[in-house]
Amino acid sequence: MGDEKFIFKEEPEAASLTVVKQSKTKAKGKLLSVDDDESYQQSLLYSLNDFVANGEVDEILTANSATEAAALIATNEEIAVILLDVVMEEDDAGLRLVETIRNVQGNSLVRIVLLTGQPGAAPRKDVMEQYDIDEYWNKSEIDYDILKAVVGSNLRSWRSMYQLEQARLGLQLVIDASRKLASKYDKESFIQVVLNEVASLIGVGKNVPTLCVTTQSPEDTFDKSYVLAYTGSDHVQVGEPLPNHLFDKFTDLYEQAIIDHRHKFNGNLSVLCFPYDHEESGHYFILAEGLEQLSEYSIHLLQVFGENISSGFMKIALINQLSNLAYLDAELLIYNQNWLLRELQTMNHADRINTQLVVISIDNFDSQTLTFSERAMVQVINNTYEKIANLYHEVLGISRIEASTFAILCNSDEAIDDDVLVQFTNQINEFDGEMRNYSLTIVKVELADMLTSTPMQILYLSKSLLYSARQKGRDFVTYNPAYQERLLTDYQLLNDLKNAIVEHEFYLVLQPKVDLRTGQPVGLEALLRWKKNDEVIPPNVFIPIAENSGIITKLDLIALELTIEAIKALKQKGYQLPISFNATVKDLYESSYLALIENAIGIEHISPELLDLEITETQAMDSYDKVNPILEHLHDLHVHISIDDFGTGYSSLAHISKLAADTIKIDKTFITNLRDDEANQQVVELVLNLAHLCGFSVVAEGIETEEERDALLSKGCNIGQGYLYAKPMRLDELMEWLKSHQPQAVTD
Ligand code: C2E
Ligand code: MG
Ligand code: MG
């Protein structure tokens, strides 16, 4: 990792200057003589004394019975060679002791030299092999020189076997410790494991402090370091600077370590140093104080383990970097949606009760990106974020969960007032040199209302609330639990709806449009019905669900096919009535939908004047640039176009005048109680004037009373539909109705 000063690869000769050469692996070993013949044993000892005198063995132990010997061997780890009399308390006492040493005590290292006073009583060769015994001597044969040679060679074998065994155990320790390290991914628990494992590697006793310390940056001095983790009994506080007595004790060794960038050992003190992740640019040091001087062997183990610690720190630094990448928005360098989900995940019940989630989204961002420069849109995002950050000083976090949507987590006590949020929905920003207004939609959710929801559910609920707020044209909404229930019902209904498409559960009803002066039908509107089991579901329940889930065109294709069938059926009975059918913008973007209309005209020879496509004012105007050319195309084919629910949207005059339409349908809300409602009268008059100006005919929707009809007639509106004349009917009912209501040619 970036810091070139720290190179640990050449460790083997490291620290040698400070190492005190007292080694556990250079154990000399002890000799044990086991013999019930004490005089013989004395003469043996006399000869063996040289080994002690020359410093070749630590000690010579004696035992006069197999039992006594077994106890000695069990308590003396470093017995290297046993000179063992075969015949003692019993004839085979010596051999049974061998069996105990190897099989019961599990000591495979100790070298055993068998001695016997009875010539010809040699143990069997297979027994010698089984118990790993190389030497068998007749006491009478053995003299001083032979004894020295035999003991000397066995001592050497024991030492190399002992060293190998120690190395194996040490490596096992390092491997076990490293394995524990590998499972830790956060700094704190990693350091704690390092500390515990270092303590066990160097055999630090419980009363001896072992510390882990870090300095904040390479420039900082030792006195700036603080304790990250700690084992031992000294009173040391994690997070605090090193206490004075330890500071004094370790300063010199620490200075050497920092100069050489190496682990340092001196007597019973060790300073291990490790590079830190370069982002935070500091170093870790482990300061350890052992009970006794560290052996060269322990130092070696520490150095090997040190390699693993170093790579562990690097791994954690990498993981931290990855986690930064995973939880940050690359453009704004603020939190992203993953962060939000993680925060929601880690919140406990009490946190949730006291937390508010606010989602703020820029309206029409996608369509604006087509109109304005990329630079302008980046600026809108940045400025919006800054405004949000100014509004919310004290928050848990602001995250960007979609290109133009932010989510804020804050304490409910510090929540911003609704009035302020409502005001905040109106913003102003420079768009390519021009100051323009733009709007935000804000959704507020108290997490206390979502205690059992998963983070994903909270996120999706908030997003769907945002979506539905937009659809309803509301700029500020607060979540209420009934919403979630409705979502669930909608979800169930959507599944049923998909199934209904496969099962053909739809049929059409037709509502006459009449000449208000005569009551004679001039056309029909086709309205879709869903027969779900025995229940008839009205379109204002299933159409919005179909629109939101993208399956609306499938339904509208069905409605259009049934409309074409109805036109043919009516024609067969001699009726030439135009039928209007409801479409959405999505249908118009679908080639199969347009193809169905074109085929009906071209292949089935349906007169295009009998086809009347209705699209709502809101949809036609919102997507004017894209939709109007398609409407023009249909218009050119002589398909009739009606603008439905007129008056409920906000049309620009410039667009209305150029709209490729024939008819405007005034929404029912303006017809209701028309005779007494002045505001409605004004709207109706306005629409009639506008239609006259642009050359559209007008149909009034939802006429229920004669007063409404008379009011319309008095204003010059001559065509309408409503329960006053007829409810929507099935085709066979309509045929009956038509018998008493003779159609007339349309005139308005
Ligand atoms: P819309 O196109 O404005 O249809 C007029 C609605 O007003 C129909 O409701 C009709 O039954 C109702 N209506 C007619 N006269 C009266 C009246 O005098 N009083 C009252 N209270 N209501 C009256 P419906 O059939 O429930 O349809 C509701 C809406 O569902 C339709 O409004 C239309 O937007 C949509 N819709 C219906 N069928 C389809 C379809 O096949 N495709 C699409 N995309 N939307 C459809
Ligand atoms: Mg309609
Ligand atoms: Mg309508």
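Atoms within a ligand are numbered from 1 in the order they appear, just like the ligands themselves. We're numbering straight along the sequence, starting at 1.
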Shortest non-hydrogen separation from Gly702 to Ile671 and the atoms involved | O-CG2, 4.2 Å
Heavy-atom nearest neighbour in the protein, as seen from atom 6 (C) of ligand 1, with distance rounded to 0.1 Å | Leu527 CD2, 4.7 Å
For Ile703 against Gly720, the heavy-atom pair lying closest together | CD1-CA, 3.8 Å
Option nearest atom 34 (O) of ligand 1 (shortest heavy-atom distance, choices Leu555, Asp667, Ile537, Asn582) = Asn582
Close N or O approach (Thr584, ligand 1; < 3.5 Å) = no
Tell me, please, whether Tyr385 has Arg400 positioned over its six-membered ring: NZ or CZ under 6.0 Å from the ring centre and within 45 degrees of its axis?
-> no
Can you check whether a protein heavy atom sits less than 4.0 angstrom from atom 32 (O) of ligand 1?
-> no
Step by step, would you call Asp363 with Thr441 a side-chain hydrogen bond (donor to acceptor under 3.5 Å, both in side chains)?
-> CA-CA 7 Å; Asp363 293 336; Thr441 301; 2.6 Å; yes
Between Lys739 and Glu736, is there a side-chain N and carboxylate O pair less than 4.0 Å apart?
-> yes
Ion pair check, Lys532 and Asp496, cut-off under 4.0 Å | yes
The Mg ion (ligand 2) to nearest N/O/S of Asn582 less than 2.8 Å = yes
Atoms in ligand 1 flagged as close to Asp644, the criterion being non-hydrogen separation under 4.0 Å | 1 (P), 2 (O), 3 (O)
Between Asn540 and ligand 1, does any nitrogen or oxygen pair lie at a separation below 3.5 Å?
-> no
Residue Glu614 atom name (nearest to the Mg ion (ligand 2); N/O/S) | OE1
Of all the N, O or S atoms in Glu701, the one nearest to the Mg ion (ligand 3) is OE2
What atoms of ligand 1 come within less than 4.0 Å of a heavy atom belonging to Asp645?
-> 3 (O)
Side chain, backbone, both or neither: which part of Lys668 has a heavy atom under 4.0 Å from ligand 1?
-> side chain
Decide whether a cation-pi geometry holds between Lys531 and Tyr507; the criteria are a distance under 6.0 Å from NZ or CZ to the six-membered ring centre and an angle within 45° of the ring axis.
-> no
For Ile537 and Arg529, run side-chain contact (heavy atoms from CB on, under 4.5 Å): C-alpha distance rounded to whole Å, both residues' side-chain angles, the deciding distance at 0.1 Å, then the answer.
-> CA-CA 7 Å; Ile537 316 264; Arg529 294 290 179 266; over 6 Å; no
Got an N/O contact under 3.5 Å between Gln721 and ligand 1?
-> no
Pair Val380-Ile362, side-chain contact (heavy atoms from CB on, under 4.5 Å): steps then yes or no = CA-CA 9 Å; Val380 172; Ile362 303 172; 3.9 Å; yes
Got a protein heavy atom sitting under 4.0 Å from atom 24 (P) of ligand 1?
-> yes
Is Lys568 atom NZ crowded by more than 12 heavy atoms from other residues, nucleotides or ligands, each under 6.0 Å away?
-> yes
At under 4.0 Å between heavy atoms, which part of Leu528 makes contact with ligand 1: side chain, backbone, both or neither?
-> both
State the atoms of ligand 1, each with its element, that fall below the 4.0 Å cut-off from a heavy-atom position in Glu614.
-> 2 (O)
Which atoms of ligand 1 are found less than 4.0 Å from any heavy atom of Pro728?
-> 11 (O)
Does the protein put a heavy atom under 4.0 Å from atom 40 (C) of ligand 1?
-> yes
Among the N, O or S atoms that Asp645 has, which is closest to the Mg ion (ligand 3)?
-> OD1
Between the side chains of Asn628 and His655, is a donor N or O closer than 3.5 angstrom to an acceptor N or O?
-> no
Identify the heavy atoms of Ala583 and Asp587 that sit nearest to each other, and give their distance.
-> CA-OD2, 3.4 Å
Lys513 bridged to Asp612 by N-O distance under 4.0 Å | yes
For ligand 1, which atoms have a heavy atom of Gln511 less than 4.0 angstrom away?
-> 14 (C), 15 (N)
Proximal heteroatom of Asp644 relative to the Mg ion (ligand 3) (N/O/S) = OD1
Examine ligand 1 and decide if any of its atoms is less than 4.0 Å from a heavy atom belonging to Glu547.
-> no
Nearest to atom 13 (N) of ligand 1 by heavy atom, Phe542, Tyr723, Trp530: which?
-> Tyr723
Just go through Ser642, Ala559, Pro539, Ala700 and tell me whose heavy atom is the nearest to atom 30 (O) of ligand 1.
-> Pro539
For ligand 1, is any non-hydrogen atom under 4.0 Å from Ile543's backbone (N, CA, C, O), its side chain (CB onward), both, or neither?
-> side chain
Considering only non-hydrogen protein atoms, determine which one is nearest to atom 43 (C) of ligand 1 and report residue, atom name and distance to 0.1 Å.
-> Asp556 OD1, 3.3 Å
The Mg ion (ligand 2) to Glu525: nearest N/O/S atom name | OE2
Of the protein's non-hydrogen atoms, which lies at the shortest distance from atom 19 (N) of ligand 1, and what is that distance?
-> Glu704 OE2, 2.6 Å
Going by distance only, is there an N or O of Gly722 that falls short of 3.5 Å from an N or O of ligand 1?
-> no
Lys665 and Asp645 ion-paired at < 4.0 Å = no
Run the side-chain contact (heavy atoms from CB on, under 4.5 Å) check on Tyr723 and Gln511 step by step: do they pass?
-> CA-CA 9 Å; Tyr723 295 170; Gln511 185 180 36; 3.9 Å; yes
Looking only at heavy atoms, is any part of Glu701 under 4.0 Å from ligand 1, and if so is it the side chain, the backbone, or both, or is it neither?
-> side chain
When rounded to the nearest 0.5 angstrom, what is the spacing between OG1 in Thr563 and CG in Leu613?
-> 10.0 Å
So the atoms of ligand 1 within less than 4.0 Å of a heavy atom of Ile703 turn out to be 18 (O)
Got a sec: does the OH of Tyr467 have more than 12 other heavy atoms crowding it under 6.0 Å?
-> yes
Only one of Glu704, Gln721, Glu708 clears side chain to side chain contact (heavy atoms under 4.5 Å, CB included) with Lys668; which?
-> Glu704
How does Arg529 reach ligand 1, if at all, at less than 4.0 Å between non-hydrogen atoms: by side chain, backbone, both, or neither?
-> side chain
